[in-house]
Each structure stands twice: as structure tokens, then as C-alpha cells.
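Contents: one structure, followed by commentary.
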Amino acid sequence: MRALVLAGGSGTRLRPFSYSMPKQLIPIANTPVLVHVLRGIRELGVSEAGVVVGNRGPEIEAVLGDGSRFGLRITYIPQDAPRGLAHTVSIARDFLGDDDFVMYLGDNMLPDGVAGIADEFIRHRPDAQVVVHEVADPRSFGVAELGPGGEVLRLVEKPAEPRSNLALLGVYFFTPAIHRAVAAIKPSARGELEITDAVQWLLTSGADVRASRYDGYWKDTGRAEDVLECNSHLLGGLHGRVDGDVDASSILLGQVVVEAGARVLRSRIEGPTIIGAGTVVEDSQVGPYTSIGRDCQVLGSRLERSIALNQATVTGVNGLRDSLIGRGASVGTTGSGAGHCLVVGDHTRVEVAA
């Protein structure tokens, strides 16, 4: 089985970050989302992955390389514009050949894994197997309608009046039968080749289409608040270690990671929290549920439930929470400042008043 990973989306909901970096590279617990995805794919026993990229392809390739550090061989597949999920299957035809494959959206976080579902697919080998999850409001998703025996009756993309609360998660298992379906469908009203239409074509043609429920934690990391929530969830499983320097005046509580080259001076760090390599935390309180990237500076500040990307600086801010600070951004204050919730893009300077 191969993997097809979709990493060409523009990430409009994650602006301003997606102006300066692919949304799939946003870090969760100091690791890019796309790296989490590839590690999950390797756990399925897959060794060949095709990564569909758009105009940010070089940035993604610079991070992932040839895939060898994940135990994978990566082939990059360029897509000239977002033309729908089924279109990615079409342009990946040469890479996929006649192999079965798992298709995985590159901004989805399923930390509990889908190994059990993959085993079901391999054991029964239906023409297609979709992964579904109960959601409160399914109108923004592809929706699966199931029969009394769990069989798939119909798939509908973003229905105005959903007849089911089972959303398609963006993980699909396919045999080569999907290629006939993709070749048969037409673009939808929004001008895209929808994978839901392709799977529906299989259903209408009498193919064996099954659904498996994923009951673990799932998050589409398309918005800043989703990134922060997912970061907190993953940090909840953190195992502390200290590879950097922590002075005698500092206190570490709970599960705290201080990476090599980081320095903690006269500060209180409450876990779960990660302090990235080369970062300096001085006269500050950090955490819980906070990820600080590499080569950052946190000076005379308090922050919790936040993410600071590489080379960010936070100075003199008393009470920064639920915030996402971009690469090389600088946040300071003109007063004592407290209770701030910020989303600051890369290389931006912000001063908050008391």
C-alpha cells in the first residue's frame, strides 16, 4: 500500500501565517503538522508516499527532504492550482500505479492513529473505505449516510441539510477502482473534482464501499484556535526531560522539556511545556500547555496555553495566553499589560498597552 498526502492547500483560514509559510508546516508541540502526518502513515507499514504540493512546494521539500528520516521514500507531485481532492488522485496516477493507497489530508491531526482501520481495509479490501467521525455541525464537511448495517448509502459534500452527523475526516483507503471513478466524474459547482463524487460514483456502480468510525482525538488545524487546542492536547502526553541549562533559581513543575542549548534563568516553567533548542527564558513564567520554538527569547514575561514559533521574542508582557506568535515576531508592552490573547504573524512587531 502507498500513501498520497495532500499538502497543496493555501490555508486562507490561517492567515497571516499562511502568507509566509505553508499551513501544513505550522508546528504542533514543536513539530510541523505534516511531520505528524508522515509519522502516522509510517505506522501503517507504508514506505512510499506521494506528497502533492502547490506553489509552496520548495518550502515543504526543504523540511521533509526525501523522507528517509521518517522511514519513507517521498515523491513530490506538483499541482498547479487547488482543483479538488479527486484531481490529486488523477495527477498522482503514475506514482500510484495499480497499488492500493491511503489518501491523507496534510493538515489533519489524528494522533491516536488509524492502524486498526488500515488493518480492516487490508483484511476485507473493499473498493473504497472512508473514515468518519461524529461532529456537532457537519455542514462544513463531506457527510456519509450509513445504512442499518453500517454500509455506506450516500456521500454528500457540504450539505445544507445534513441527514447524518458523520463527517469524512480526510483519510480514505482505495483500491485502483477509484481511478475509473475519478475519470468518470465532472467538476462540481465550485469547479473542483470532489472525492465524495468519485466515491459516490463507485457506490452507484455497485462497488463495495465501507465506512469505519474513528473515535480518537481529531482536529483539522485550519484555524489558529484549532492549532492552539491541538497543541494543548498533544502536550498532555509529554514526557519531561532537561537537555539544556536550568539555573538553581528556576523551578520546573510537571512535564517540561528543555531542549539542548536552551537556557532557563530565574524562571518558573509549568508543564506540560516545551522550551526549544537555543531559546532563552529569563525572569519569566511559562506554561502550562505552551510550546516555545527554537532560538526564541522570553524575557520578563508570563505566557500560558500559547505557541511561539522559531526566533520569536516576548518581552515584558505580563499575562499572554491563548496566543500564537509567528517566526521572528516581537511582542512587547508599553505598560504592565495583562490578559492578552494574540495572533501575530511572522516577522511582525506588536506592542500591547496595559
Apply the test side-chain contact (heavy atoms from CB on, under 4.5 Å) to residues Asp197 and Leu193: give CA-CA distance (whole Å), side-chain angles for both, the deciding distance (0.1 Å), then the verdict. CA-CA 8 Å; Asp197 290 346; Leu193 290 175; over 6 Å; no
Check whether more than 12 heavy atoms from other residues, nucleotides or ligands sit under 6.0 Å from atom CZ of Arg163, and answer yes or no. no
Got a second to check how far Leu4's CG is from Phe174's CZ, nearest 0.5 Å? 9.5 Å
Looking at residues at least two apart in the chain, or sitting in another chain, which of them share a side chain to side chain donor-acceptor pair (under 3.5 Å) with Arg241? Asp243
Between Thr290 and Arg305 (side chain of the first, backbone of the second, donor and acceptor by atom type, cut-off under 3.5 Å), is there such a pair? yes
Just by distance, do the side chain of Thr196 and the backbone of Glu194 share a donor-acceptor pair under 3.5 Å? no
Flag the pair Glu229 and Lys219 as a salt bridge only when some basic side-chain nitrogen lies within less than 4.0 angstrom of an acidic carboxylate oxygen. yes
Checking one residue: Tyr217. Which other hydrophobic residues are in its cluster under the side-chain 4.5 Å linking rule? none
Qualifying residue for side-chain contact (heavy atoms from CB on, under 4.5 Å) with Met103, from Leu6, Val5, Val52, Leu96: Leu6
Which distance, rounded to the nearest 0.5 Å, do you find between the OG1 of Thr31 and the NE2 of His36? 4.5 Å
Quick one: which of Val256, Leu265, Val258 gives a side-chain contact (heavy atoms from CB on, under 4.5 Å) with Val246? Val258
Any residue meeting side chain to side chain donor-acceptor pair (under 3.5 Å) with Glu282, in chain and number order, not counting sequence neighbours: Arg266
Check whether Thr313 reaches the backbone of Ser330 with its side chain - one donor and one acceptor, N or O, closer than 3.5 Å. no
Output for pair (Asp226 CG, Ile26 CD1), nearest 0.5 Å, gives 12.0 Å
Can you list the residues that meet the side chain to side chain donor-acceptor pair (under 3.5 Å) rule with Ser291, with sequence neighbours excluded? Asn231
Should we say atom NE2 of His124 is surrounded by more than 12 heavy atoms from elsewhere, each under 6.0 Å from it? yes
Rounded distance (nearest 0.5 Å) linking atom CG of Leu38 with atom CZ of Arg69: 9.0 Å
Residues at least two apart in sequence or cross-chain that pass side chain to side chain donor-acceptor pair (under 3.5 Å) with Arg42, listed by chain then number, are none
Interatomic distance, OG1@Thr175 vs CG@Asp100, rounded to 0.5 Å, equals 6.0 Å
Rounded distance [0.5 Å steps], CD in Glu157 versus OG in Ser140: 10.0 Å
Within 6.0 angstrom of Asp94 CG, more than 12 heavy atoms from elsewhere: no
Is it the case that over 12 heavy atoms from other parts of the model lie below 6.0 angstrom from the CZ atom of Arg2? yes
For Trp218, give me all partners under ring pair (Phe, Tyr, Trp, His ring centres under 6.0 Å), at least two apart in sequence or on another chain. His133, Phe141
For Asn30 and Ile292, indicate whether the former's side chain and the latter's backbone hold a donor-acceptor pair under 3.5 Å. yes
So does Arg73 pair up with Glu48, basic N to acidic O under 4.0 Å? yes
Salt-bridge test for Arg123 and Glu120: reply yes if a basic N is under 4.0 Å from a carboxylate O, no otherwise. no
